[in-house]
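Counting convention: from 1, in listed order, for ligands and their atoms alike. Counting from 1, the numbers follow the sequence of the chain as shown.
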Amino acid sequence: MKYLISLAISLFLLISASAFSNEPEAEDTRISLDLTKSEKVLFLTEMRQMLVSIQGILQGIGEDDRALIIKSAQYSGNRMARATPESIKKKTPSEFKELGGPTHMMFEELVIRAEDDDLESLTLLTSEILKNCVACHSQFKAD
Ligand code: HEC
């Protein structure tokens, strides 16, 4: 009897242990940019700034505040493209550049079009910009 109980307990432990280790293996298939620690800090700071820009643009569209749209978009346009350190630019493959460069240019386009285009078309352009964010994030990681 004692033997049976300990067998039951060991079986239970075995089953519950395997249940816990049953997490699906998650594999990250994104391409690594292989940035150094400090390049990554700068790079991710730019990224968060782009998110701030998107937030300001949407608020500007919602409140019909064109000055806010323009100011928000300017932060992530050419100014940001120029400020990216050379060492980071050198590490990024052409597929990355083909998404990154045009994204900054689309912010510049928004700056110009925000002067008098209707707000719906500005919303659509913002959505086009976001498609680039999504496309790049699905392919690349910083380290
Ligand atoms: C050309 C490629 C590319 C484009 C375009 C791009 N990103 Fe990123 N972004 C990245 C990579 C790579 C990372 C790092 C992801 C990782 O390592 O997991 C990242 C990370 C981020 C992060 C996380 C920052 C942090 O502190 O961890 C935010 C927020 C972000 N991006 C916002 C945006 C927004 C908003 C846009 C579009 C307006 C955008 N990104 C466009 C490549 C891109």
Visitor: To the nearest 0.5 angstrom, please state how far the CD atom of E39 sits from the CG atom of L42.
Guide: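 Spacing of CD (E39) from CG (L42) equals 8.0 Å.
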Visitor: Less than 3.5 Å apart, N/O on ligand 1 and N/O on the protein: could you list those pairs with the distances?
Guide:
unit_1	atom_1	unit_2	atom_2	d
ligand 1	7 (N)	H137	NE2	2.9
ligand 1	9 (N)	H137	NE2	2.8
ligand 1	17 (O)	A142	N	2.7
ligand 1	18 (O)	R30	NH1	3.1
ligand 1	18 (O)	R30	NH2	3.4
ligand 1	26 (O)	R48	NH1	2.6
ligand 1	31 (N)	H137	NE2	2.8
ligand 1	40 (N)	H137	NE2	2.9

Visitor: Can you tell me how far the CD1 atom of I54 sits from the CG atom of L130, to the nearest 0.5 Å?
Guide: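 One gets 4.0 Å once the value is rounded to the nearest 0.5 Å.
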Visitor: Side chain of T84, backbone of M80: donor and acceptor closer than 3.5 Å?
Guide: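 Here the side-chain-to-backbone pair exists.
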Visitor: Please report the interatomic distance OG(S38) to NZ(K40), rounded to the nearest 0.5 Å.
Guide: 12.0 Å
Visitor: Should the heavy atoms of other residues, nucleotides or ligands under 6.0 Å from NZ of K71 be counted, would the total exceed 12?
Guide: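 Incorrect, the count does not exceed 12.
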Visitor: Rounded to the nearest 0.5 Å, what's the gap from CD1 on I57 to OG1 on T123? Could you check?
Guide: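 That separation rounds to 10.5 Å.
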